[in-house]
Amino acid sequence: MPHRRQVLFLAAALCLAAPSAFAADTALKAAVASSARPAEDVARDGARHPYDSLVFWGLKPGQAVIEVSPGNGYWTEILAPYAKATGGTYIAGVADLANPKLSEGARKGRAAFEARFADEARYGKVGYANFGAVSAPLGAPGSADLVLTARNVHNWTVQPGVADKVFADFFAVLKPGGVLAVEDHRADPKPENSAGADGYLATATVIALAEKAGFKLDAKSEINANPKDTKDHPFGVWTLPPVKRTAPAGQPADPSFDRTKYDAIGESDRMTLRFRKPS
């Protein structure tokens, strides 16, 4: 009889736990499926796999999430409503307003980003942290559960010392056991070109940066792999969608450039990595 009571108690506990897990899953699926997301973002879901990527990275309800260099807000459109729905917080690491050398364009870009995500009824209260080559810490030490950066590491490796500084910032702001989620264009199996000047990095480079900062590699995923990507494009990774560059950076677009094979490749082959700060 005591054994039977233990079994019943365990079953009851599982039943009580199940609704919470189901609600969290539903909240993430609802955020991804939201009709409020921009059509151009939804059109990219087949290449970016938002639900599967976030599940792999270990996103959970109620977490404090920092996204560094969110770009056009693809992930913000999912993560901010998810944080609002689950009692978490979403913070965007954006242009460093404390840096007197920050360009006017970067200041305007941050202002536009903040204005876009100002609707608290839709996004909750989005937080902001200064981020850049000389920025202060992203937040209080050990305050974040998850730090995400997508398609950005190659921008830092071409600036001496910046990647090391950035990864150290990530490590400092995460709680023990916290996760660093990284997605970037993958050079493998080709050799890396000039520290990622073409947008592609060796997976080993990113792992080495993270481990130097103190992280442990927790897992790799092929969620965002694209075997069609030959990684030898005339204008680097930016030849491919979504940028679709047809001329060198800074030059006018070339209307005679044949995009056929590059559009057929689709978005790049990408590494998807999960690092953990040791407990």
Side-chain angles (χ1 to χ4, degrees), residues 21-61 63 65-86 88 90 92 123 145-155 170 178-189 196 199-203 206-207 210 217-231 233 237-244 262-276:
F22 178 77
D25 182 65
T26 301
L28 182 53
K29 287 187 174 181
V32 172
S34 172
S35 60
R37 290 180 63 213
E40 58 269 26
D41 284 3
V42 175
R44 298 179 65 196
D45 285 356
R48 302 207 67 173
H49 312 102
Y51 181 80
D52 290 340
S53 294
L54 290 169
V55 169
F56 167 74
W57 284 321
L59 179 68
K60 294 180 176 61
Q63 286 185 325
V65 176
I66 300 176
E67 183 186 2
V68 173
S69 291
N72 66 2
Y74 176 89
W75 290 110
T76 312
E77 288 281 357
I78 297 169
L79 291 170
Y82 178 79
K84 177 180 181 292
T86 66
Y90 171 82
Y123 300 110
D145 296 290
L146 187 149
V147 171
L148 165 64
T149 192
R151 308 187 185 208
N152 291 310
V153 181
H154 64 273
N155 294 320
F170 295 164
V179 167
L180 170 62
V182 178
E183 173 198 351
D184 214 333
H185 314 294
R186 177 167 56 185
D188 318 343
Y200 291 96
L201 285 174
T203 303
V206 179
I207 293 173
L217 178 65
D218 201 42
K220 303 177 186 179
S221 174
E222 292 299 304
I223 293 169
N224 293 303
N226 180 0
K228 294 188 293 183
D229 186 1
T230 54
K231 312 174 187 188
H233 319 306
V237 73
W238 304 282
T239 313
L240 299 178
V243 178
K244 298 186 176 184
Y262 305 107
D263 291 344
I265 289 171
E267 298 201 26
S268 68
D269 175 55
R270 298 180 309 284
M271 66 184 88
T272 306
L273 307 174
R274 185 176 73 231
F275 298 96
R276 195 170 298 276

Problem set entry | side chain to side chain contact (heavy atoms under 4.5 Å, CB included) partner of Met271, the single match among Ile207, Asn224, Thr203 | Thr203
Exercise. Where is the tightest heavy-atom contact between Gly199 and Trp238, given as atom of each residue plus distance?
Worked result: N-CH2, 3.5 Å
For this session: Compute whether any side-chain donor of one residue and acceptor of the other, for Asn226 and Ser268, lie under 3.5 angstrom apart.
Result: no
For this session: Just jot down the ring pair (Phe, Tyr, Trp, His ring centres under 6.0 Å) partners of His49, sequence neighbours excluded, or say none.
Result: none
Problem set entry | Side-chain heavy atoms of Val237 within contact of Arg151, under 4.5 Å | no
Problem set entry | Which atom of Gly196 lies closest to which atom of Leu201, heavy atoms considered | CA-CD2, 3.7 Å
Exercise. Is there a side-chain contact between Ser53 and Arg48 (heavy atoms, below 4.5 Å)?
Worked result: no
Exercise. Backbone N or O of Val153 within a donor-acceptor pair of the Asp184 side chain at under 3.5 Å?
Worked result: yes
Exercise. Does a side chain donor of either Tyr74 or Asp45 reach within less than 3.5 Å of an acceptor in the other side chain?
Worked result: yes
Problem set entry | Test: Arg186 and Glu222 ion pair at under 4.0 Å | yes
Exercise. Charged N to carboxylate O below 4.0 Å: is that the case for Arg270 and Glu183?
Worked result: yes
Problem set entry | Trace of the side chain to side chain contact (heavy atoms under 4.5 Å, CB included) decision for Arg274 with Leu217 | CA-CA 6 Å; Arg274 185 176 73 231; Leu217 178 65; over 6 Å; no
For this session: Give the minimum heavy-atom separation between Asp188 and Ala202, together with the two atoms involved.
Result: OD1-CA, 3.3 Å
Problem set entry | Distance in Å, Tyr51 OH paired with Leu28 CG, rounded so as to fall on 0.5 Å steps | 5.5 Å
For this session: Tell me, please, which residues at least two apart from Ala187 pass side chain to side chain contact (heavy atoms under 4.5 Å, CB included).
Result: Tyr200
For this session: Please name all residues satisfying side-chain hydrogen bond (donor to acceptor under 3.5 Å, both in side chains) with Lys84, sequence neighbours left out, ordered by chain then number.
Result: none
For this session: Give the ring-plane orientation class for His185 versus His154, where under 30° counts as parallel, over 60° as perpendicular and anything between as tilted.
Result: tilted
Exercise. Any side-chain heavy-atom pair from Ile66 and Leu146 closer than 4.5 angstrom?
Worked result: no
Exercise. If you round to the nearest 0.5 Å, how far is NZ of Lys29 from CD1 of Ile78?
Worked result: 14.0 Å
For this session: For the pair Asp41 (side chain) and Ala39 (backbone), establish whether a donor and an acceptor sit closer than 3.5 Å, ignoring hydrogens and angles.
Result: no
Problem set entry | Heavy-atom closest pair, residues Leu273 and Phe56 | C-CE2, 4.0 Å
Exercise. Taking all atoms of both residues into account, what is the closest heavy-atom pair of Tyr90 and Pro70, and its distance?
Worked result: OH-CB, 4.0 Å
Exercise. Sub-3.5 Å donor-acceptor pair from the side chain of Ser34 to the main-chain atoms of Ala30, do we have one?
Worked result: no
Exercise. Looking only at heavy atoms, which two atoms of Pro50 and Val32 are closest? And how far apart?
Worked result: CG-CG1, 3.9 Å
For this session: Run the salt-bridge test on Lys60 and Asp145 with the 4.0 Å N-O cut-off and return the result as yes or no.
Result: no
For this session: Only one of Leu79, Val68, Val179 passes side chain to side chain contact (heavy atoms under 4.5 Å, CB included) with Leu148; say which it is.
Result: Leu79
Exercise. Going through the distances and angles, do Thr272 and Trp57 end up as a side chain to side chain contact (heavy atoms under 4.5 Å, CB included)?
Worked result: CA-CA 9 Å; Thr272 306; Trp57 284 321; 3.7 Å; yes
Exercise. Which distance, rounded to the nearest 0.5 Å, do you find between the CG of Asp218 and the CZ of Phe275?
Worked result: 10.0 Å
Exercise. Do the charged groups of Glu267 and Lys228 touch, with an N to O distance under 4.0 Å?
Worked result: no
